[in-house]
Novice: 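Provided herewith is a single structure, encoded as structure tokens, for subsequent inquiry.
Since the model is a prediction, treat every value here as computed from it, not as a measurement. Per chain, numbering begins at 1; letters A, B, ... match sequence-line order.
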Amino acid sequence: MSRRSATLAVAVTLALGLPACGGDSGPPTLTWYINPDAGGQAEIADRCSEQAAGEYRIETSLLPREASAQREQLARRLAAEDSSIDLISMDPPFIPEFAEAGFLADIPDDVAEAVTENVVQSAIDGATWKDELVAVPFWANTQLLWYRKSVAEAAGLDPANEPVTWQQLIDAAAQQDKYLGVQGIRAEALTVWINALVASAGGEVLTNPEAPVEDVELGLQSEAGRQAAGIIGTIARQGLGGPGFSNEDENASMLQFQGENGSFMVNWPFVWAATLAGVEEGTLDQSLIDDIGWAQYPSMVEGEPSRPPYGGINLGIGAFSEHVDLAMDAAQCIVSVENQAYYMVSNGNPASNTEAYEDPDVQETFPMADLIRESLEQAGPRPKTPYYNEVSTGLQNTWHPPSSVRPDSTPQEAATFITEVLQGERLL
Amino acid sequence: MTTTPVPDIAAEQAEVPASVSERARAERRLGWWLAGPAFVVMLLVTAYPIAQAFYESLFQYRLTDPEAREFIGLSNYGVVLTDGVWWSAVGVTVLITVITVAVEAVLGFALALVMHRALRALRPLLRTVILVPYAIITVVSAFAWFYAFDISTGFVNSWFGWLPGISADTNWFGEFGTSVTVIIASEIWKTTPFISLLLLAGLAQVPDDLQEAAKVDGATWWQRMYKVTIPNMKAAVMVALLFRTLDAFRIFDNVFIMTQGANNTEVVSFLAYRQTISRLEIGLGSAVSVLLFLCVVLISFTFIKLFKVDLASARGER
């Protein structure tokens, strides 16, 4: 069966005139499926091809913009044992699903050791499934609290020096009649927020994520889940998220934050690069830059540190690739400290390797580089489960619209709903 | 169009079943030879996938876990049909279908009349203009409408702020009523040209001499419309409604782009997409798809039996 389909695949490839891997001319070509960025991954691919000195050549292939759509495309192709997938830029939440399905090649111990040296803990956790490193940490993302210094000052807060709580932010925004920058859209951004709130309050969305699907238990029906629901519901019902709160994503939050109603915002570091670019283009005022401050992600409990969101991209090596060894080499080249520093400066995506933060260019472009690194050390992952899509969509369906979120009922409803979906008793 | 008498072969054959002439048999054979390839292709591209979907729907089967595939009979259908999510999606789909088809029928008829009456010189230009929305890819038109109404990038709130109920802070995609209104409006804008073209063909079939006779008898414009025009193009109207209803019931793109199913705007196709493509639950998703298919069959059946739509007569064959 597999030999026949392989023959057929070769025949089709030849008939279509596509470049066959490892053809007669030139070195073997590795295909790296990348998420859309500002061109940084393509540049890194070129650099590594050059460094390989004829051993291999890396070609990039673009995935859809949305992480969920990237997963859909990759899962279908990997389920069909697509051998053209050598390297994959993967959103961490989907790594357990791919690892469990056998879509990712095993990473040898020596490689695993090399690629985790000096890497922030959250990125190592994000690339690990069942105590095995299954992907190579590339860049790691985390959210910070961004604030307008003028608003914070008027409200008597100094987030950079004294960590603030969500309750303080709510009170400050209400008192100053401003909007908070939070993501209420029914999309992955909402899951990120819910998870960070629950984790910061000391809880977990799933208590035993590695258990077989029929035994998975949810931890939302806890005090932490209640508190998280309280924060989201209050912000929505008091109108503190702004008029477009229920479909506000990260970009919309940033635009609102840059406007006259901006006050505090939780968001990824891309907002800094985007705001600088806006000033350069003349669409934003220079005074805005001077008014923006940054601090650790807000906490739920006063005096206790928060667990900021963790994101980014890790590199998977396709299990059906014809050049697994070369792909391992290529992955190590891609995540080198120089490349991570280059990627951070040019594309605004934070490095997972702490050494990259010593780079003078990084320090110059990101005055908050050290804060990002600290935040990454504390960041908490989203539920690590092969059924992540069900859990995330289940959360989004039950915690949206945000104005309907009630501490006494929503976490319980979400837990029941997600459990039933996982047991195959409900549609999603 | 004047109707020319066509010898009704099928009727002739039915009348003389016993002694089928050599010639009739040869014609029948030729008919099969001509239609056969198309028939085989249809079987391959429609019957086979439908059968495959039905087969898959009997299994618990997740694409990322093929080893755990298990035959579970009709329980996927049980899960779907006892779930409120399914019925709410059916309700929303029916609502969108009924409103869009009703509005489009009226609007499309008006546009067809305009095209029919337009000066010969203007007619090609007019048809082109009316057809433009239909020529736009649905995803593109959905994005255009989405960005127009979006609270941060849209122009609708600032252009129509003077209307009661619309202000700079109107969040169109924030609740069910407004979301569905935008979805329906976009759908109507996009597909009214389709229905109006079908109706235009129907209008062209109404004999002019009947119109003139009614005029001579002193019938008003309305009377001619109700007594002459519409009865004479009933078949075309029904075919137009049938095609559009089937189309509207399978709505996907607008919902997918604009709300992703938020605020209870989930429709049946979207539900099938989410189970099959997002969850990779091939079995459950196939069950939803089969049920969607059955809904479409039911709609066609109702139209054809209840309203006695005659597809052949709409093409002027009878």
Novice: Is it the side chain or the backbone of B/E67 that comes within 4.5 Å of chain A heavy atoms, both, or neither?
Specialist: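 For B/E67, no heavy atom lies under 4.5 Å from chain A.
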Novice: Heavy-atom count around A/E214 CD within 6.0 Å, excluding the residue itself: above 12?
Specialist: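 For A/E214, atom CD is crowded (more than 12 foreign heavy atoms under 6.0 Å).
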Novice: Please round to the nearest 0.5 Å and tell me the distance separating atom CG of A/N247 and atom CE of B/M258.
Specialist: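 With rounding to 0.5 Å, CG (A/N247) is 12.5 Å from CE (B/M258).
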Novice: Which pair of non-hydrogen atoms, one from A/A79 and one from B/L63, has the smallest distance, and what is that distance?
Specialist: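 That would be CB-CG, 3.6 Å.
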Novice: Which region of A/N251, side chain (C-beta onward) or backbone (N, CA, C, O), has a non-hydrogen atom less than 4.5 Å from a non-hydrogen atom of chain B, or is it both or neither?
Specialist: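 A/N251 has no heavy atom closer than 4.5 Å to chain B.
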Novice: Counting only heavy atoms not in B/F71, do more than 12 sit closer than 6.0 Å to its CZ atom?
Specialist: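 Count over threshold, so yes.
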Novice: If you count the non-hydrogen atoms of other residues, nucleotides and ligands that lie under 6.0 Å from OH in B/Y48, is the total more than 12?
Specialist: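 Not buried by this count: 12 neighbours or fewer within 6.0 Å.
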Novice: If you count heavy-atom pairs within less than 4.5 Å of chain A, which of B/W172, B/W86, B/F173 leads?
Specialist: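 If we count pairs closer than 4.5 Å to chain A, B/F173 comes out on top.
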Novice: Looking at B/R62, B/Q60, B/Q260, which makes the most heavy-atom pairs under 4.5 Å with chain A?
Specialist: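 The option with the most such pairs is B/R62.
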Novice: So which atom in B/G174 and which in A/S246 form the shortest heavy-atom distance, rounded to 0.1 Å?
Specialist: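 Scanning both residues, the minimum pair turns out to be CA-OG, 3.4 Å.
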Novice: Report which part of B/E266 has an atom under 4.5 Å of a heavy atom belonging to chain A: side chain, backbone, both, or neither.
Specialist: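 Side chain of B/E266 only, per the 4.5 Å heavy-atom cut-off to chain A.
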Novice: Does A/D82 CG have over 12 foreign heavy atoms under 6.0 Å away?
Specialist: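 Yes, because the 6.0 Å sphere around CG of A/D82 holds more than 12 heavy atoms from other groups.
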Novice: Top residue by heavy-atom pair count (under 4.5 Å) with chain A, among B/D169, B/N76, B/N171?
Specialist: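 Highest number of pairs under 4.5 Å: B/N171.
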Novice: Does a side-chain heavy-atom distance below 4.5 Å link A/P386 with B/T64?
Specialist: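 No, side chains not in contact.
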Novice: Would B/R279 and A/V421 satisfy side-chain contact (heavy atoms from CB on, under 4.5 Å), going step by step from the backbone distance to the final call?
Specialist: CA-CA 10 Å; B/R279 287 184 68 186; A/V421 167; 3.4 Å; yes
Novice: Within a 6.0 Å radius of atom CG on B/N264, are there more than 12 heavy atoms belonging to other residues, nucleotides or ligands?
Specialist: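 No.
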Novice: Enter the distance from B/S88:OG to A/L427:CG here, rounded to the nearest 0.5 Å.
Specialist: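 Reported to 0.5 Å precision, the distance equals 10.5 Å.
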Novice: Under 4.5 Å, heavy atom to heavy atom: which of residues 90-105 of chain A reach chain B? Give them by number, or say none.
Specialist: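 Against chain B, the residues of residues 90-105 of chain A that fall inside the cut-off (heavy atoms, under 4.5 Å) are A/E97, A/A101, A/F103.
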Novice: Considering only heavy atoms from C-beta outward, does the side chain of B/D83 approach that of A/E425 to under 4.5 Å?
Specialist: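 No, their side chains stay 4.5 Å or more apart.
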Novice: If you compare all heavy atoms of B/I151 against all heavy atoms of A/G244, which two are closest, and at what distance to 0.1 Å?
Specialist: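 Scanning both residues completely, I find the closest heavy atoms to be CD1-N, 3.7 Å.
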Novice: When only heavy atoms count and the cut-off is under 4.5 Å, which of residues 64-78 of chain A reach chain B?
Specialist: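 Residues A/R71, A/E72, A/A75, A/R76 are the ones that qualify, each having a heavy atom under 4.5 Å from chain B.
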Novice: Between A/H400 and B/A262, which heavy-atom pair has the shortest distance, and what is it?
Specialist: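 Taking A/H400 first and B/A262 second, the nearest heavy atoms are CE1-CB, 4.0 Å.
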Novice: Output the distance between atom CG (A/L255) and atom OG1 (B/T153), rounded to the nearest 0.5 Å.
Specialist: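 Reported to 0.5 Å precision, the distance equals 9.0 Å.
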Novice: Name the region of A/T393, side chain, backbone, both or neither, that has any atom closer than 4.5 Å to a heavy atom of chain B.
Specialist: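 Only the side chain of A/T393 comes within 4.5 Å of chain B.
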Novice: Assess whether atom CG of A/D177 is packed by more than 12 heavy atoms of other residues, nucleotides or ligands within 6.0 Å.
Specialist: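 No, because the 6.0 Å sphere around CG of A/D177 holds 12 heavy atoms or fewer from other groups.
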Novice: Within a 6.0 Å radius of atom CZ on A/F320, are there more than 12 heavy atoms belonging to other residues, nucleotides or ligands?
Specialist: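 Result for CZ/A/F320: enclosed.
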Novice: Is B/I277 close to chain A through its backbone or its side chain, or both, or neither, when contacts mean heavy atoms under 4.5 Å?
Specialist: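 Its backbone and side chain both get close to chain A.
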Novice: Taking atom CD1 as the centre, does B/I137 end up with more than 12 heavy-atom neighbours from other residues, nucleotides or ligands that are less than 6.0 angstrom away?
Specialist: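 12 or below, so no.
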